[in-house]
Trainee: 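This structure is in structure tokens; I'll ask about it shortly.
In what follows, every heavy atom counts, from backbone to side chain, and hydrogens, waters and symmetry copies are set aside.
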Amino acid sequence: MADRRPDEQEMSRPKKPRTGDLDPTANPYLAHMYEESDDYNTGYKSRNGYSNGSSTATSLSKFKRHQTTALQAHTAEDGPNNPLNNAPLSQQYFNILKTRRDLPVHKQRQEFLDLFQKTQILVFVGETGSGKTTQIPQFVVFDDLPHMSGKLVACTQPRRVAAMSVAQRVANEMDVKLGDEVGYSIRFEDVTSSKTILKYMTDGMLLREAMHDHDLTRYSCIILDEAHERTLSTDILMGLLKEVAVRRPDLKIVIMSATLDAQKFQRYFMDAPLLAVPGRTHPVEIFYTPEPERDYVEAALRTVLQIHATEPEGDILLFLTGEEEIEDACRKITLEADEMIREADAGPIKVYPLYGTLPPHQQQKIFEPAPPPARAGGRPGRKVIVGTNIAETSLTIDGIVYVVDPGFSKQKVYNPRIRVESLLVSPISKASAQQRAGRAGRTRPGKCFRLYTEAAFKKELIEQTYPEILRSNLANTVLELKKLGIDDLVHFDLMDPPAPETLMRALEELNYLACLDDDGNLTQLGKLASEFPLDPALAVMLISSPEFYCSNEMLSLTALLSVPQVFVRPASAKKRADEMKALFAHPDGDHLTMLNVYHAFKGPAAANDPKRWCHEHFLSLRALQSADNVRQQLKRIMEKNELELLSTDFNDKNYYTNIRRALVAGFFMQIAKKDGTGKTYKTVKDDQSVLLHPSTVLNVDSEWVVYNEFVLTTKNYVRTVTSVKPEWLLDIAPNYYDLSTFAKGDIRTALQKTVDKVNRRQAMKGGR
DNA sequence: GAGCACTGC
């Protein structure tokens, strides 16, 4: 294993491009690092090469950093030349400028600047339609003048698409080419250059950068957008920024959020000042049911049909919890509406499902216009969208006038006692309910029908959905925090500290994986594992795989395990799909089967027409391509860290055995043993009764299995399983399989027998 | 014999 690590001190502020690790073209995270000024505290020097080719000073060069006014900015924006690069401004620019100046935030530009200049940290609240995501970063650029000190302004988004589309929009607004002064950076794609001074990025991406540059020295200002969503990355970044702010008094921070919870952000950031800007939405009238509903799906269908029968023109958005529920509801609504059209002359209706696993072209259908009246002069048609929470944040659909909100969604919950994450249908929060209602008022006044009582809304719904950090296994998070240089986790100031038991579980898991030593310090392996965008068990499995002569195969497998399911099984063709899957089946388990799929996908049979090949074999092209992408990224990280890429000869009898052993190196904590003669298994140490998921290719003769995930539904299932041997467990993970730590029982007895067997075998060898 | 809300590196 490689033990040469890049010197972090050096990495944070290199002066010149160098070969190897520091070559910015080789490492997308370091794209801007080669043109840093020497000292961020005093650095007002112009960036080398920035103004090359244009001898004329831009209008911004007369600006004094943190002393500008809205009027100055206004004048500069009026042209005639681009204040960023002195190029003549286009007609399109002036057209957009007009609409920009109509946005609510523009009225408060001076107010924003006053606060921004006065304080280090500012909380900014802007409701939907205020223009905060596009305008505030521009306000900042014009006052912070990052190019004068060779730095950047970053604006983080929770989602990739948002980072991309907002960057494109702002590049248009500033009349520059995307990737020049304005760019974006997301996983697999860095559209920035040495010219870039405003960078939109995913919050996860900034977190990655922070691991190599703890003080975020490349940035003069960091804007955290959509902070109210409280993603894991946002929460960690906030904790980190709170500490960085002390070490770097020159760093400006803006926390942007929707109205709710603004005071909580203020309090957390040492009573930072708050600026609130109203949004631009239409009023939405709220209706509650007088009595609680017993069956929310039935009530939802009734409400949708009622709206269609009695309410004026306008599209309907219904929130349900999952794929099956949604498809079922779509069928029923279509059926009932057809009857209404025949019997009551109702207008035509078109129903669209909407959920994350739907292929993109199907998702796009929701933007088709409502159907026209069935005949001239007939009643107008209506579009009904039945969707998951994806319609609450990720996708906005204009033209929705009616929202039906049953008050439930599937949410991730984590149970640290049995160490299982699962999805549970749970009541939504007040904030969620408000967000859902708001979807009815984007284009004109709307109505929201809540299928619960007003009393229930007031008394039973919690204010905010619990932040993700309280609902997740934190093994990965703890590893990230350690890599960020945070040694004392208990005193790390998170906005909502997780339960001590959850933290303990994470530390314990990382200790067993040898990523943390007994004092909780990052080990060499832990440092290496944190380089990979993977969960710790997967990372450790991959890093260990050269020892098992199968790192090429484990690269593929790791990638496959970190993308959505590759097997497709449509309800209409279950049998065919199963037959196709059987073509790839390996008797020793699902991991090996997936690997067979990948090899076939990369082989000659699929090369000509992968799309067709996938379709014929009931495989998801999207998932396989995505695995390919991930594999490339992981491979680069392996090479960078000098981890060998090895394969056992395919004809060697140990080809698959080596892979199965390598699986154990990461997943030795996810082993189950057959319990008696039936179909049930027991997980090792936790002693949970589980069944093999019916999708497995493995038959129930396997005594010991390694599993990839624990699925908690009506029954306990382990999914993606491969058979292993108990001697491997003792051999590969001796610490975890220290028998004295096991409770008395079948598993301990079986392991003890294995120990005895191994000892006998060794004694015989020794005796000879 | 079949439960993949949604993100992200």
Side-chain angles (χ1 to χ4, degrees), chain A residues 28-29 156-163 185-190 201-212 226 229-237 319-328 354-358 363 387-395 408-413 421-426 428 432 465 467-468 471-472 476-477 479-480 483 529-536 538-539 562-571 574-575 577-578 581 620 623 626 629-630 633-634 636-637 679 691-696 700 709-717 719-720:
Chain A
Y29 303 130
T156 69
Q157 299 292 319
R159 283 167 291 279
R160 284 190 215 163
V161 267
S185 175
I186 59 177
R187 187 180 188 181
F188 305 128
E189 217 185 338
D190 183 9
M201 62 203 302
T202 47
D203 45 18
M205 202 71 201
L206 185 60
L207 204 54
R208 276 276 141 194
E209 287 187 6
M211 290 181 185
H212 293 282
E226 315 289 359
E229 288 194 25
R230 304 289 309 277
T231 66
L232 256 169
S233 300
T234 299
D235 271 17
I236 301 169
L237 278 174
F319 285 99
L320 289 178
T321 64
E323 176 176 341
E324 200 179 312
E325 209 175 78
I326 287 170
E327 292 291 355
D328 197 40
L354 175 65
Y355 43 86
T357 47
L358 216 55
Q363 279 190 16
T388 60
N389 258 4
I390 195 171
E392 198 179 298
T393 46
S394 308
L395 271 168
F408 292 96
S409 70
K410 268 189 198 169
Q411 287 167 30
K412 185 169 76 180
V413 286
E421 272 183 354
S422 51
L423 285 172
L424 214 66
V425 174
S426 324
I428 61 169
S432 249
T465 310
E468 207 184 351
R471 298 183 284 121
S472 309
N476 201 17
T477 303
L479 188 65
E480 279 170 4
K483 185 71 212 289
S530 70
E531 293 288 318
F532 290 88
L534 295 169
D535 276 338
L538 277 172
S562 38
V563 300
Q565 180 66 259
V566 296
F567 297 105
V568 177
R569 196 167 185 264
K574 289 183 183 172
K575 200 164 160 256
D578 291 347
K581 185 173 173 181
S620 162
S626 163
N629 242 337
V630 174
Q633 188 189 25
L634 298 177
R636 277 196 301 272
I637 301 172
K679 289 179 176 176
L691 295 169
L692 302 188
H693 195 273
S695 63
T696 189
V700 285
E709 58 179 336
F710 191 111
V711 188
L712 197 62
T713 57
T714 43
K715 290 175 184 149
N716 291 343
Y717 289 112
R719 188 163 48 188
T720 312

Trainee: Which residues pass the ring-ring contact (aromatic ring centres under 6.0 Å, His included) test with A:Phe710, not counting sequence neighbours?
Mentor: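 Scan of A:Phe710 (ring-ring contact (aromatic ring centres under 6.0 Å, His included), adjacent residues dropped) gives none.
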Trainee: Measure from the side chain of A:Thr388, starting at C-beta and using heavy atoms only, and say which of B:dG1, B:dA5, B:dG3 lies closest.
Mentor: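 The answer is B:dA5.
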Trainee: Among B:dT7, B:dC9, B:dC4, find the nucleotide with the atom closest to the side chain of A:Arg208.
Mentor: B:dC9
Trainee: Output the rounded distance in Å from CG (A:Leu534) to P (B:dC9).
Mentor: 13 Å
Trainee: In terms of side-chain heavy atoms of A:Thr202, which of B:dC9, B:dA2, B:dG3 is nearest?
Mentor: B:dC9
Trainee: Which residues pass the salt bridge (Lys or Arg N to Asp or Glu O under 4.0 Å) test with A:Arg187, sequence neighbours left out?
Mentor: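 In terms of salt bridge (Lys or Arg N to Asp or Glu O under 4.0 Å), with neighbours along the sequence ignored, A:Arg187 is linked to no residue.
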Trainee: To the nearest Å, how far apart are A:Arg719 CZ and B:dG3 P?
Mentor: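 Distance, rounded to whole Å: 8 Å.
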Trainee: Between A:Tyr717 and B:dA2, is there a side-chain N or O to OP1/OP2 distance below 4.0 Å?
Mentor: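 Yes, within the criterion.
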Trainee: Could you state the CZ-C1' distance from A:Phe319 to B:dA5, rounded to the nearest angstrom?
Mentor: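 From A:Phe319 CZ to B:dA5 C1': 12 Å.
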Trainee: If you pin A:Phe532 and A:Gly322 to their nearest nucleotides in DNA chain B, which one's is more 5'?
Mentor: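 The answer here is A:Gly322.
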Trainee: Do A:Ser472 and A:Lys412 have side-chain N/O donor and acceptor atoms under 3.5 Å apart?
Mentor: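 A pair is found: one side chain offers a donor N or O, the other an acceptor, under 3.5 Å apart.
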Trainee: Counting any heavy atom closer than 4.0 Å, what does A:Val711 reach on the DNA or RNA strands: base, sugar-phosphate only, or nothing?
Mentor: sugar-phosphate
Trainee: Rounded to the nearest Å, what distance is computed from the CG atom of residue A:Asn629 to the C1' atom of nucleotide B:dC9?
Mentor: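 For the pair A:Asn629 CG and B:dC9 C1', the rounded distance is 13 Å.
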Trainee: Whole Å only: how far is the CD atom of A:Glu327 from the P atom of B:dC4?
Mentor: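 So the two atoms are 16 Å apart, to the nearest Å.
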Trainee: Please state how far atom CZ in A:Arg471 lies from atom P in B:dT7, giving the value in whole angstrom units.
Mentor: 14 Å
Trainee: Side chain of A:Arg569 only, please: which of B:dC4, B:dA5, B:dA2 is the nearest?
Mentor: B:dA2
Trainee: Once you apply a heavy-atom cut-off of 4.0 Å, does A:Arg187 come out as touching a base, just sugar-phosphate, or nothing?
Mentor: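 Base, at least one base heavy atom under 4.0 Å.
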Trainee: Give one of base, sugar-phosphate or nothing for A:Asp535, where a contact means two heavy atoms less than 4.0 Å apart.
Mentor: nothing
Trainee: Which part of the nucleic acid, if any, lies within contact of A:Gln565, taking any heavy atom under 4.0 Å across all strands shown: a base, the sugar-phosphate backbone alone, or nothing?
Mentor: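 No contact.
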Trainee: Taking atom P of B:dC9 as reference, at what distance in whole Å does atom CD1 of A:Ile186 sit?
Mentor: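 In whole Å, B:dC9 P and A:Ile186 CD1 are 7 Å from each other.
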Trainee: A:Leu232 near the nucleic acid: base, sugar-phosphate alone, or nothing, with a heavy-atom cut-off under 4.0 Å?
Mentor: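 If one applies the 4.0 Å heavy-atom cut-off, A:Leu232 turns out to touch nothing in the nucleic acid.
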Trainee: Could you grab the distance from atom CD of A:Glu531 to atom CZ of A:Arg208, nearest 0.5 Å is fine?
Mentor: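 Taking CD in A:Glu531 and CZ in A:Arg208, the distance rounds to 7.5 Å.
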Trainee: With a 4.0 Å cut-off, would you call A:Glu229 and A:Arg159 a salt bridge?
Mentor: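 Looking at A:Arg159 together with A:Glu229, the answer is yes, because their closest N to O distance falls below 4.0 Å.
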Trainee: Strictly by modelled atom types, are A:Glu392 and A:Ser432 linked by a side-chain donor-acceptor pair under 3.5 Å?
Mentor: yes
Trainee: What is the nucleic acid contact for A:Arg230, judged by heavy atoms within less than 4.0 Å: base, sugar-phosphate only, or nothing?
Mentor: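 Here A:Arg230 touches no strand at all.
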Trainee: Pick the closest DNA chain B nucleotide for A:Ile390 and for A:Glu323 by heavy atoms, then say which residue is nearer the 5' end.
Mentor: A:Glu323
Trainee: Scan A:Lys574 against the nucleic acid and name what it touches under 4.0 Å (heavy atoms): base, sugar-phosphate only, or nothing.
Mentor: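 The residue A:Lys574 makes no contact with any strand.
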Trainee: Below 4.0 angstrom from OP1 or OP2 of B:dG1, is there any side-chain N or O of A:Lys679?
Mentor: yes
Trainee: In whole Å, I'd like the distance from the CE atom of A:Met205 to the C1' atom of B:dC9.
Mentor: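 It works out to 7 Å between those atoms.
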